[in-house]
Amino acid sequence: MNKFYLLVSKKWHTALCISLTAVLLGGCWDNRELNEIGITSGTAYDWNNNKWTITYQVINPLSSSGTMGSGGESNTPPFLTFTTQGASIMDAISHSNMTSVRQLFFAHSRMTVFSENLARKGITDVMDLFLRKPDARETVNVFISRRMGRDILDQLMQTSKNQGAGIQLMMQQEANLSSYYPGIRMFELAVNLASESHCATIPEIKLTGNEIMDSTQEIEVTDLPSRLELGSLAVLKNDRLIGWLSVKEAFGLTFLTNQIHSASISIPSDPKKGEVKDSSFSLLHSKTKVKPKWENDHFVMDVNVRGGGTLLQLSGDVDLNKSGEIEQLEQNINKEVLAYIQESWSALQKLNADATGFATLVHRKYPRRWKQIKAAESWDKEFRAIELRPHVSMKIERFGLGSKSFKSIENE
């Protein structure tokens, strides 16, 4: 009995020791010291002369953590950039080990920039890399630049030491306050390109001037000659860039795809007296519902947009106490939103790019018909024949304390 007890006890002790060893070793088997890694905040991918060019933006550990340019702080730039080239994308990445003294660490990466020439060639290789590489982040914000991606990563920002994080915040702020551009992350880009429509949009990031501000002394002024700014909206189809949408067309697309958070809409106070947009409406909430239906020999998309907000600016002789004045202003707002939607729809049909995701809606409602469309590979033809029927209903929920414009009160 005692011999059996000792044998069982020995086995339990052995199992316990193995478990404790596995737990203790599990947390540090792949540990890396901070002074051995280069924290990457952004990357840019270019395609030039049949070669891949990859630029890395690495946080500079020698830079101070406070506000750049203040007294007693280092003048070293907050980040460093370097470029590698290769015949393949992995060849270019492997060359980074010959340039950097630290192993690149991508867990804190915030943004990725594709150059226009790469986007026109196709971004399949980069997408595949992000989906396979264990340390690549699929949550990075994606942008397209009409110039070399390195130019974007070299530009310093005055209000953010971490430029990658600064651009990410700029994109989030724009999406929350203006809603002109539907921002996109890497995993969303992959989902959209793999969807039934095989289309996606990416915001453009650009420099407002020709000069690149890449020295800490150059940004010690109140107004930079060159800044980073969001530009147009790139349209991709089957992983290739096929065209651009203007700001107005991009704004219409955010209505069509129900991505409006809040926005400011300029309207004429009295269209009969001219098309001068002298009043402003702050849209605080909006909802878009799209219902596809088959009529005769084509699809019809019923688009219903409903929203509400505040009248922020009022000009002209409008008196909101008079009957019908508020309704007239609401009709003016509806007309403006309809114009944005129609402009965007015309541009997308011209590109023959279903960035609206209508293909997915048709697939859900008409699975049998979609099976036939997919077998015949005829969605492009069906998309061109779609009839859009937009209906917009905006409500002025508040207009402040005064029912007249300040100018009309002065004239009284």
| query | Can you check whether T139's main-chain N or O pairs, donor with acceptor, with R185's side chain at less than 3.5 Å? | reply | yes
| query | Do any N or O atoms from the side chain of S195 and from the backbone of N192 form a donor-acceptor pair under 3.5 angstrom? | reply | yes
| query | Could R146 and E204 be called an ion pair, given the rule that one side-chain N must be under 4.0 Å from one carboxylate O? | reply | yes
| CA sep, side-chain torsions, deciding dist, call: T83, T55, side chain to side chain donor-acceptor pair (under 3.5 Å) | CA-CA 4 Å; T83 299; T55 303; 3.1 Å; yes
| Should V235 and L245 count as side-chain neighbours, where that means a heavy-atom distance under 4.5 Å? | yes
| query | Is there a side-chain contact (heavy atoms from CB on, under 4.5 Å) between M186 and T112 once you walk through the steps? | reply | CA-CA 9 Å; M186 189 61 77; T112 290; 4.3 Å; yes
| said: Under 3.5 Å, is there a donor on one side chain and an acceptor on the other for S109 and R137? | reply: no
| message | What I want to check is whether the side chains of Q313 and S280 have a donor and an acceptor closer together than 3.5 Å. | response | yes
| Within a strict 4.5 Å, meaning less than it, do heavy atoms of the V247 and L233 side chains meet? | no
| query | With sequence neighbours left out, what residues match R369 under salt bridge (charged side-chain N to carboxylate O under 4.0 Å, His left out)? | reply | none
| field | T124 backbone acceptor or donor facing D239 side chain under 3.5 Å | value | yes
| task | Test salt bridge (charged side-chain N to carboxylate O under 4.0 Å, His left out) on E138 and K133 and set out the steps. | result | CA-CA 10 Å; E138 298 89 357; K133 206 166 181 288; over 6 Å; no
| said: Distance check, rounded to the nearest 0.5 Å: L348 atom CG versus F358 atom CZ? | reply: 8.5 Å
| query | Without hydrogens or angle criteria, can the side chains of S115 and D46 be said to hold a donor-acceptor pair below 3.5 Å? | reply | yes
| field | Donor-acceptor pair, side chain of S262 and main chain of N176, under 3.5 angstrom | value | yes
| request: Give a yes or no on this: more than 12 heavy atoms of other residues, nucleotides or ligands lie within 6.0 Å of atom CZ of R389. | output: yes
| query | Is there any side chain to side chain donor-acceptor pair (under 3.5 Å) pair reaching into residues 377-386, and which pairs are they, with sequence neighbours excluded? | reply | K237-D380, D354-W379
| Do any N or O atoms from the side chain of S145 and from the backbone of R147 form a donor-acceptor pair under 3.5 angstrom? | yes
| remark: CG of L329 to CG of N334, rounded to nearest 0.5 Å, is 11.0 Å
| message | Assess, by modelled atom type and distance only, whether the side chains of S279 and S315 contain a donor and an acceptor separated by less than 3.5 Å. | response | no
| request: Verify side-chain contact (heavy atoms from CB on, under 4.5 Å) between W370 and K365, making sure each step is shown before the conclusion. | output: CA-CA 9 Å; W370 178 257; K365 188 166 182 181; over 6 Å; no
| said: Tell me the closest heavy-atom pair linking G86 and A92, and the distance in Å. | reply: N-CB, 3.6 Å
| field | Any V58 side-chain heavy atom under 4.5 Å of F82 side chain | value | yes
| side-chain contact (heavy atoms from CB on, under 4.5 Å) between M394 and I265, intermediate numbers included | CA-CA 11 Å; M394 295 292 170; I265 301 171; 5.6 Å; no
| task | Sort out for me which residue in R227, Q155, E229 forms a side chain to side chain contact (heavy atoms under 4.5 Å, CB included) with L207. | result | Q155
| Are the side chains of F299 and I373 in touch, meaning some heavy atoms are under 4.5 Å apart? | yes
| note | Quick note, ring-ring contact (aromatic ring centres under 6.0 Å, His included) partners involving residues 109-161, not counting sequence neighbours, are none
| query | Could you state the interatomic distance from CD (E295) to CG (D297), rounded to the nearest 0.5 Å? | reply | 10.5 Å
Acceptor/donor pairs from residues 282-291 side chains to any protein atom, 3.5 angstrom cut, sequence neighbours excluded:
from	atom 1	to	atom 2	distance (Å)
H285	NE2	E397	OE1	3.4
H285	NE2	E397	OE2	2.9
T288	OG1	F255	O	2.7

| field | I205 to I152 - nearest heavy-atom pair and separation | value | O-CD1, 3.8 Å
| task | Would you please indicate if the ring centroids of F383 and W345 are separated by under 6.0 Å? | result | yes
| request: Could you check Y366 against L361 for side-chain contact (heavy atoms from CB on, under 4.5 Å), going step by step and ending with a plain yes or no? | output: CA-CA 8 Å; Y366 301 99; L361 299 178; over 6 Å; no
| So, H298 side chain and W294 main chain: donor-acceptor pair closer than 3.5 Å or not? | no
| note | So salt bridge (charged side-chain N to carboxylate O under 4.0 Å, His left out) across residues 336-348, not counting sequence neighbours, yields K277-E336
| message | Looking only at the side chains, is there a donor atom on one of T254 and Q259 sitting less than 3.5 Å from an acceptor on the other? | response | no
| query | Is there a donor-acceptor contact under 3.5 Å linking the side chains of T53 and N48? | reply | no
| request: For S344 and L253, indicate whether the former's side chain and the latter's backbone hold a donor-acceptor pair under 3.5 Å. | output: yes
| note | Contacts satisfying salt bridge (charged side-chain N to carboxylate O under 4.0 Å, His left out) that involve residues 118-132 (not counting sequence neighbours) are E116-R120, D128-R132
| note | Here the gap from N332 atom CG to I396 atom CD1, rounded to the nearest 0.5 Å, amounts to 8.5 Å
| Heavy-atom side-chain contact between E249 and S246 under 4.5 Å | yes
| Can you tell me if S94 uses its side chain to pair, donor with acceptor, with the backbone of D91 under 3.5 Å? | yes
| request: Before giving the answer on side chain to side chain donor-acceptor pair (under 3.5 Å), spell out for Q57 and S41 the whole-Å C-alpha distance, their side-chain angles and the decisive distance to 0.1 Å. | output: CA-CA 6 Å; Q57 185 185 73; S41 59; 2.7 Å; yes
| field | Minimal non-hydrogen separation, S232 against W244, with atom names | value | CB-CE3, 3.8 Å
| What are the two closest heavy atoms between V113 and G149, and how far apart are they? | CG1-CA, 4.2 Å
| I184 CD1 to I202 CD1 distance, which is reported to the nearest 0.5 Å | 6.0 Å
| 4.5 Å side-chain heavy-atom contact, H391 and V305 | no
| task | Measure the OG-CD distance between S269 and E325 for me, rounded to the nearest 0.5 Å. | result | 9.5 Å
| task | May I ask you to decide whether E387 forms a salt bridge with K293, counting only side-chain N to carboxylate O separations under 4.0 Å? | result | no
| said: Would you say that K206 contacts L230 through its side chain, given a criterion of any heavy-atom pair below 4.5 Å between the two side chains? | reply: no
| query | How far apart are the closest heavy atoms of L241 and A234, and which atoms are they? | reply | CD1-CB, 3.5 Å
| field | Student check: side-chain heavy atoms of V392 and I341 closer than 4.5 Å | value | yes
| said: If you compare all heavy atoms of A263 against all heavy atoms of S178, which two are closest, and at what distance to 0.1 Å? | reply: CB-O, 3.4 Å
